[in-house]
Amino acid sequence: MALSNVLEIPTSGFNFENVARNVALEGLLEGGQTKTPKPMKTGTTIAGLVCKEGVVLGADTRATSGEVVADKMCAKIHYISPNIYCCGAGTAADTEKTTDLLSSNLTIFSMNSGRNPRVVMAVNILQDMLFRYRGQIGASLILGGVDCNGNHLYTVGPYGSIDNVPYLAMGSGDLAALGILEDRFKPNMEMEEAKELVRDAIHSGIMSDLGSGNNIDICVITKQGVDYIRPYQESEYKDKRQKRYKYGPGTTSILTEKIVPLELEVVQETVQRMDTA
Amino acid sequence: MYCSVVRHQNTRGLRSQLKDSVPVTGMGPQVGAYGVQDTLRSGFSSVKNELLPSHALELSEKNFQLNQDKMNFSNLRNIQGLHAPLKLQMEYRAARQIQRLPFLQSSHLALDTLKGNDESISFEDILNDPAQSEMMGEPHIMVEYKLGMM
């Protein structure tokens, strides 16, 4: 360890030492050829609705980094607790880390109290966390779950705003998805009808928005359990390779062959007994 | 809609935050003996570096725990009377004294349990863990500083 005249121990949490450097770098790089790397966003369509038996959440699977598709099979529906799942839109790393933290906190709570967490608890924890960081954590989340008080669907914005509604869409494709949901949503729908409606909403988001695409994931949460269908529907535009590009053995002809045996002699042999009790 | 990750370096706007927050040690000019800038230990002084933090969250994060405690204690005083925050702060003070020597990493177990930090995980537990810090203070200097001999 390097010794230095450090008189105060560094505090844990976020470290802002490099902010001045980053600002200076940005000024330098803009004039030149290189640009700062863009974070991977999930520019997304996510949707959820409350039906008679539970909650149905849906999401697409495309993650973009600038104008390039970074991940074609990204998982946007995150596990929070056995009865709560969360779809995330915004910066991919932020949504994943935030939902991970939330899930850990709720696990600690349920171990302490012996109860399944409620959806309002998750929403309040998220709201406090996101408001504390004033929107610098770019995560827009849709939380859905079933608890002792019924079926709930909440949205949490990046600045900490929440909303409790029967159906929702977030992400860059939310307007397209919301159009479908507004048209065909009815309270207390049947499960199959609800799944089809969410699928159609995500599908319209995929068709109308560049940031959404590839497959559709659906997650159905009921009192009995969770059905995470990944993928619910695969994209019609999968790349179909025309030929196989693998080369069989013998494609490259061998011109000469020289074998040199490696002489090894046993110097020392030790036997360690494994305790298989 | 999605959010774009654009950082606004709004250093001017932080002036208004400065007067609302609790004054924090270590942010102002590093004074040594005689109340003058301690150039040997903390380098040359620069007004720009000391007065304004450069990130929107830097000041609010530094003061966050202090402000939370202040708010909770004043709430408690209004609801239950003066004895409640007094007793709690006495316990905190006692728990804060259970530590190893200044240059060693202490676990703060008693303090964490009192504050309820042992039942939650946040960025303070994951990022920049002081136990994994690559720098260690010179033991003699840190002990002298703690005892006020420096």
Side-chain angles (χ1 to χ4, degrees), chain A residues 1-23 26 38-39 41-44 64 89-91 94 97-98 100-105 107-109 111-112 125 128-129 132-140 157-159 170-175 211, chain B residues 1-9 11 25-26 30 32 38 40-42 48-49 52-62 64-65 67-68 102-106 108 118-142 144-146 150:
Chain A
M1 280 203 260
L3 285 187
S4 66
N5 283 346
V6 173
L7 292 175
E8 284 166 23
I9 34 173
T11 47
S12 42
F14 287 109
N15 190 343
F16 297 102
E17 281 174 1
N18 284 335
V19 176
R21 177 206 75 169
N22 289 347
V23 173
E26 224 164 289
K38 289 214 181 337
K41 301 162 61 67
T42 52
T44 283
T64 53
T91 311
D94 288 347
K97 208 63 194 178
T98 314
D100 265 352
L101 274 179
L102 177 64
S103 168
S104 306
N105 275 320
T107 315
I108 296 179
F109 162 78
M111 282 187 195
N112 261 340
I125 295 176
D128 285 340
M129 193 193 302
R132 172 177 170 177
Y133 295 108
R134 297 292 189 280
Q136 299 281 353
I137 296 190
S140 328
Y159 283 82
M170 295 281 270
S172 54
D174 64 345
L175 292 175
Chain B
M1 51 229 130
Y2 60 94
C3 0
S4 48
V5 183
V6 173
R7 300 240 135 82
H8 291 290
Q9 298 302 321
T11 48
T25 54
Q30 303 289 336
D38 197 357
L40 185 66
R41 285 199 202 90
S42 27
K48 192 170 79 158
N49 285 347
L52 296 175
S54 15
H55 193 270
L57 287 182
E58 196 168 345
L59 202 58
S60 82
E61 277 299 294
K62 241 185 150 127
F64 184 74
Q65 205 48 51
N67 284 341
Q68 283 284 94
F103 52 91
L104 289 175
Q105 209 34 246
S106 13
H108 301 287
D118 61 335
E119 287 176 354
S120 70
I121 298 181
S122 70
F123 287 114
E124 275 76 33
D125 303 305
I126 307 172
L127 298 175
N128 213 18
D129 190 7
Q132 319 281 346
S133 153
E134 292 155 356
M135 302 227 288
M136 183 174 118
E138 159 88 48
H140 301 289
I141 305 221
M142 289 193 79
E144 285 177 16
Y145 183 71
K146 177 108 189 278
M150 290 284 257

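Reminder, nothing fancy here: chain letters follow the sequence lines and each chain counts from 1.
Ring geometry for A/Tyr133 against B/Phe123 counts as perpendicular: the plane angle is over 60°, on a 0 to 90° scale with 30° as the lower cut.
The OG1 atom of A/Thr107 sits 8.0 Å away from the CD1 atom of B/Ile121 when rounded to the nearest 0.5 Å. Atom OG in B/Ser60 sits 9.0 Å away from atom CD in A/Gln136 (nearest 0.5 Å). Separation of atoms OG (A/Ser104) and CD1 (B/Ile126) is listed at 7.0 Å; rounding is to 0.5 Å.
Counted within 6.0 Å of CZ on B/Phe64, heavy atoms from surrounding residues, nucleotides or ligands total more than 12; the atom is thus considered enclosed.
Only the side chain of B/Glu61 has a heavy atom closer than 4.5 Å to any heavy atom of chain A. In this structure, chain A has no heavy atom under 4.5 Å from any part of B/Phe103.
The heavy-atom pair separating A/Arg132 from B/Leu57 by the smallest distance is O-CD2, 4.1 Å.
Remark: side-chain polar atoms of B/Asn128 are not paired, donor with acceptor, to backbone N or O of A/Phe14 under 3.5 angstrom.
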